[in-house]
Amino acid sequence: MKKLVRICALFNASMIAAFLVPGVLPLLGIAAPPSPFWLWLPSLLALFSVLVLWLSASDLRRYGTFAYWSGISRLSFFVLTFALDFPATAGKIVALIAVVDLALGLACVLGLPPATGRTPLQLLIHRNTD
């Protein structure tokens with residue numbers, strides 16, 4: 001499970017690279033926003049997620065809540081991607097990103113409870129088994 005959480009962190013890091021390395025967004029079929037602000041804002045938010053996931057992977061019994069909530073946010077992104085038709089406005093690659101997030105999100109939400117010995121509710125509200 002630790003490897004899965006680190007893979008989630010690395011996937012987020014790849015999104016940072018896509019936003020900040022010049023020329024990558026057009027290669028992915030995504031139009032660059034008019035202001036650098038819209039490149040840096042999601043990158044900094046993703047950086048926080050990368051750091052939290054990477055550090056929480058070192059002790060999932062204690063910090064599994066972070067990865068569990070990350071899984072829920074990945075599932076939410078998948079639903080919103082298609083409900084709001086992001087691929088039509090942001091580019092078709094967004095659909096692939098959403099499908100990868102679906103797989104990672106399901107793996108975290110379904111895999112963390114048995115791996116940590118905590119129930120989904122305990123992970124949601126950050127409670128231990130005792």
Side-chain angles (χ1 to χ4, degrees):
M1 203 65 217
K2 178 188 290 192
K3 286 181 183 179
L4 174 68
V5 174
R6 291 224 164 112
I7 289 169
C8 290
L10 292 173
F11 186 66
N12 288 1
S14 73
M15 296 299 111
I16 295 170
F19 274 94
L20 296 182
V21 174
V24 172
L25 285 180
L27 284 175
L28 297 175
I30 300 172
S35 169
F37 174 81
W38 296 111
L39 296 172
W40 282 95
L41 180 66
S43 297
L44 291 173
L45 293 171
L47 179 61
F48 181 75
S49 176
V50 168
L51 295 172
V52 168
L53 286 172
W54 195 267
L55 293 173
S56 69
S58 65
D59 188 353
L60 286 175
R61 294 244 341 126
R62 182 179 289 171
Y63 302 117
T65 295
F66 295 118
Y68 194 78
W69 274 104
S70 175
I72 291 171
S73 71
R74 288 177 189 284
L75 296 176
S76 300
F77 176 72
F78 173 81
V79 170
L80 289 172
T81 294
F82 296 103
L84 300 176
D85 200 15
F86 289 162
T89 56
K92 302 252 186 263
I93 191 73
V94 175
L96 177 61
I97 293 167
V99 170
V100 172
D101 268 345
L102 172 66
L104 292 174
L106 283 173
C108 286
V109 168
L110 298 175
L112 278 165
T116 60
R118 294 158 72 186
T119 67
L121 180 61
Q122 288 170 324
L123 284 165
L124 282 173
I125 61 174
H126 192 56
R127 295 288 180 252
N128 290 329
T129 55
D130 19 343

Exercise for the section: Could you grab the distance from atom CZ of F78 to atom CG of L106, nearest 0.5 Å is fine? Expected result: 8.5 Å
Fill in the blank from the handout: side chain to side chain donor-acceptor pair (under 3.5 Å) pairs touching residues 31-47, sequence neighbours excluded, are none
Exercise for the section: State, to 0.1 Å, how close V109 and G71 come at their nearest heavy-atom pair, and which atoms those are. Expected result: CG2-C, 3.8 Å
Below 3.5 Å, can you tabulate the donor-acceptor pairs from side chains in residues 63-70 to any protein atom, sequence neighbours excluded?
| residue | atom | partner | partner atom | Å |
| --- | --- | --- | --- | --- |
| T65 | OG1 | R118 | NH2 | 3.3 |
| T65 | OG1 | L123 | O | 2.9 |
| T65 | OG1 | H126 | ND1 | 3.0 |
| W69 | NE1 | L124 | O | 2.9 |

Practice task
Give the minimum heavy-atom separation between I30 and A90, together with the two atoms involved.
Solution key: CG1-O, 3.2 Å
Practice task
Using a 4.5 Å cut-off on heavy atoms from C-beta on, say whether the side chain of T119 contacts that of P113.
Solution key: no
Completion exercise
Rounded to the nearest 0.5 angstrom, the CG-CZ distance for L104 and F77 is 12.0 Å
Handout entry: Same apolar cluster: V52 and L60, side chain cutoff 4.5 Å
Key = no
Solution key, residues 6-27 side-chain donor-acceptor pairs under 3.5 Å, sequence neighbours excluded:
| residue | atom | partner | partner atom | Å |
| --- | --- | --- | --- | --- |
| N12 | OD1 | R74 | NH1 | 3.4 |
| N12 | OD1 | R74 | NH2 | 2.9 |
| N12 | ND2 | S49 | OG | 2.7 |
| S14 | OG | F11 | O | 2.6 |

Handout entry: Point-to-point distance, once rounded to the nearest 0.5 Å, from CG of L102 to CD1 of I97
Key = 14.0 Å
Exercise for the section: State, to 0.1 Å, how close P114 and G111 come at their nearest heavy-atom pair, and which atoms those are. Expected result: CD-O, 3.3 Å
Handout entry: Side-chain donor or acceptor of Q122 paired with backbone N/O of R127 under 3.5 Å
Key = no
